[in-house]
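Reading through the C-alpha cells given below for one structure.
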Number of protein chains: 2
Amino acid sequence: MGKQMTEMLKGTLEGIVLALLTGKPAYGYEITTLLRDQGFADIAEGTVYALLVRIEQKGLVDVEKRPSEKGPPRKVYSLNQQGTQELAEFWNTWSFLAERIEKLHNNSHSTGEKQP
Amino acid sequence: MGKQMTEMLKGTLEGIVLALLTGKPAYGYEITTLLRDQGFADIAEGTVYALLVRIEQKGLVDVEKRPSEKGPPRKVYSLNQQGTQELAEFWNTWSFLAERIEKLHNNSHSTGEKQP
DNA sequence: CCCATTACTTAGCGCTACTATGTACCAGTA
DNA sequence: TACTGGTACATAGTAGCGCTAAGTAATGGG
C-alpha cells in the first residue's frame, strides 16, 4: 500500500471501524472483508485485529464469543454507549479537518487567487 | 490538543504544509502562524520545524536562507517539482479516503440513528 | 493426509506528532 | 547595564498507530 495511505489511516481507521459497527455487530474476519469491499483492499489482517483489541481495552465495544461452523469461535464486537460517543467525537474531528483541507484543495486549484 | 486530532494529522499535516506552499514560498515561523490562522491553533512549533526538515531531506522543497530584520535568518521553503508531484499524490490519496469516509458518515445517519 | 479457508493473536519495526528545552538575534525600557 | 518579549530555528525523547511476518486453531474437500 502507498505510504501516504498508511499514514493517513492513522487516526481514521479506528473511526472507520467504529462506523462500520453502528447498528450491526460484526466479528474481526467479517470486518476485514467489509473493509476490502468498501475499497480498503490493502488493509492488513493483523492491523484490524490489533485495532479491535485496542478498542475493546478502551471500552468502546462489547464482545461476545460465538461458535462458528467453520473455524475457531468468532469474537463479535458491538458498539456500546462509550463507543457511540467516541464515534461522535470522531465525526467532529473529521469534519473539522476535512473542511479545512478541502478549502486548501480548492485554493490550490485556483493558483494565485486570494480570498478575503 | 485532542488525541484524535493528533493521530488524524499524521499523514495529512505534511500535505497541508505542501498545499500552503503552492505558489508562495514561506518560512517556518510564517507557516506556523498560517496554520494557526487557518484553525490549527494547537499545532506545536517543534512539529512544524521537524516536518520542514523532513520534507527538505525528501527533496520536496528548495530552501533559501534570508536575513530577517528581527531575529535570526529565515529559511524560506518553496515547493519544487518533486514536491508538486507529491502533493498531487496527496490529493489523490485524500480524495480516495475522504470519499469513502463520507459515505460511511451518510450511512450512519440513515441507519435509524437519531440526529440532534 | 494434506491443504485451502476461516478466524484470531502477537512481537517487532517504521513513521509521525507532541513535549520540553535550548540557542540565537533584536528592540524597547527601566 | 540588565531585563523582557517577540522573532526564528533546532532537537532529543516519548507515545501511538499501521504494517510485516509469523504463528495457533478449527473445519471440510481433494
Carboxylate-amine/guanidinium contact B/R74 B/E30, below 4.0 Å: no

Salt-bridge contact B/E64-B/R66 (side-chain N to carboxylate O under 4.0 Å): yes

Give [X] one of three labels, base, sugar-phosphate or nothing, depending on what nucleic acid heavy atoms sit under 4.0 Å from its own.
X: A/G11; value: sugar-phosphate
X: A/G28; value: sugar-phosphate
X: B/T6; value: sugar-phosphate
X: B/L13; value: sugar-phosphate

In whole angstrom, what separates [X]'s [atom1] from [N]'s [atom2]?
X: A/R74; N: D/dA25; atom1: CZ; atom2: C1'; result: 15 Å
X: A/R54; N: C/dT9; atom1: CZ; atom2: P; result: 15 Å
X: A/E14; N: D/dG16; atom1: CD; atom2: P; result: 12 Å
X: B/M5; N: C/dC18; atom1: CE; atom2: P; result: 10 Å
X: A/Y29; N: C/dA4; atom1: OH; atom2: C1'; result: 10 Å
X: A/L35; N: C/dA7; atom1: CG; atom2: P; result: 15 Å
X: A/E30; N: C/dT5; atom1: CD; atom2: P; result: 19 Å
X: B/L51; N: C/dC18; atom1: CG; atom2: P; result: 10 Å

Tell me whether A/R36 forms a cation-pi arrangement with A/F40, defined as NZ or CZ under 6.0 Å from the six-membered ring centre and within 45 degrees of its axis. no

Please determine if a side-chain N or O atom of [X] lies less than 4.0 Å away from the OP1 or OP2 oxygen of [N].
X: B/Y49; N: D/dA10; result: no
X: B/Y27; N: D/dA8; result: yes
X: B/S68; N: D/dA8; result: yes
X: B/K75; N: D/dA10; result: yes

Does the D/dG28 base have a donor-acceptor partner in the side chain of A/K70 within less than 3.5 Å? no

Quiz question: going by heavy-atom distance under 3.5 Å, is there a donor-acceptor pair between the base of C/dC15 and the side chain of A/K10? yes

Could you check whether A/E99 and A/W94, counting side-chain N and O atoms only, form a donor-acceptor pair closer than 3.5 Å? no

Between B/E102 and B/R100, is a salt bridge (Lys or Arg N to Asp or Glu O under 4.0 Å) present by the stated rule, with each step listed? CA-CA 5 Å; B/E102 285 306 330; B/R100 271 148 191 85; over 6 Å; no

Taking only the side-chain heavy atoms of A/E45 (C-beta and beyond), determine which of D/dA8, C/dA17, C/dA7 contains the nearest atom. C/dA7

Side-chain atoms of B/P72 come closest, of D/dT7, D/dA26, D/dT20, to D/dT7

Check whether any side-chain heavy atom of B/E14 lies under 4.5 Å from a side-chain heavy atom of B/R54, and answer yes or no. yes

If you pin A/K3 and B/A50 to their nearest nucleotides in DNA chain C, which one's is more 5'? A/K3

Nearest-nucleotide wise, let me know which of A/V53 and A/G71 is further upstream toward the 5' end of DNA chain C. A/G71

